[in-house]
Amino acid sequence: MTCDAASTVSAIRAAAAAVGEYRSELTALDREIGDGDHGENLARGFSAVLGKLDGDLPGTPGGVLKLVATTLISTVGGASGPLFGTAFLRAATAVGDAAELDGPAVATALAAARDGVVARGKAEPGDKTMVDALGAAVRAAQERAAAGGRPGEVLAAAADAATEAAAATIPMQARKGRASYLGERSIGHPDPGATSTAYILRALAG
Ligand code: ADP
Ligand code: MG
Ligand code: MG
């Protein structure tokens, strides 16, 4: 099965539901090494996204992704709003006005999302941020797509890799974002943004 505008809308609704489900866990993680608002930030953004999905819907996956991007950028705030917004915006640009996406197109969109986050936030792999999860997700997605994976399979591989990568941030010392202010005290906790990235990818995979 390929991925069209309607299935993209369903995937985004699932991501919004996951953000709602994990809201307090994400906020608790951010309380350990940040300012305790990550779940609230994302929940505010994704409930605004759900509101937009009740209106006239774009006719392409790229149009849906762009609507998500602009909504997140204008409602989330914090560090993660512009970063997730940029991720969805770059993904939208990467898929263009295609009516349907295949596995390779999904992997390309994810790579563009990661590149956008890196360009915006200047974090490198190992800095204990969402880039750790996104980078691992992209590599797994590209492999799965090259092996003939369909969009859902590509996203599932991405989600598996991101979940592992989020756990792998636990022993890291943060070098970007608020958690970096803690220095060595940031060690021993998972990064909230890497964790939310994994949950969102899992939900998008369906
Ligand atoms: P804030 O830190 O402004 O309160 P959030 O709590 O919503 O924003 O998001 C924190 C998350 O943002 C971190 O866990 C991390 O994954 C991500 N983050 C912060 N700074 C950067 C950066 N420069 N590059 C990539 N990700 C970052
Ligand atoms: Mg925070
Ligand atoms: Mg904050």
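The figures here come from the full heavy-atom set of this structure, side chains too, leaving out hydrogens, waters and symmetry mates. Whatever order the structure lists ligands and atoms in, that order sets their numbers, starting from 1.
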Distance from atom 9 (O) of ligand 1 to nearest protein heavy atom, with residue and atom: H38 ND1, 3.2 Å
Top protein contact for atom 17 (C) of ligand 1, by heavy-atom distance: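 The closest one turns out to be M130 CE, 3.8 Å.
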Judging by distance only, is a nitrogen or oxygen of [X] under 3.5 angstrom from one on ligand 1?
{"X": "V131", "value": "no"}
{"X": "K176", "value": "no"}
{"X": "V117", "value": "no"}
{"X": "D30", "value": "yes"}
{"X": "G121", "value": "yes"}

Shortest-distance N, O or S atom of [X] relative to the Mg ion (ligand 2):
{"X": "D35", "answer": "OD1"}
{"X": "D37", "answer": "OD1"}
{"X": "D30", "answer": "OD2"}

Relative to the heavy atoms of [X], which atoms of ligand 1 are at a distance of less than 4.0 Å?
{"X": "A123", "value": "24 (N), 25 (C)"}
{"X": "R178", "value": "1 (P), 2 (O), 3 (O), 4 (O)"}
{"X": "G177", "value": "19 (C), 20 (N)"}

Y199 side chain to E21 side chain, donor-acceptor N/O pair below 3.5 angstrom: no
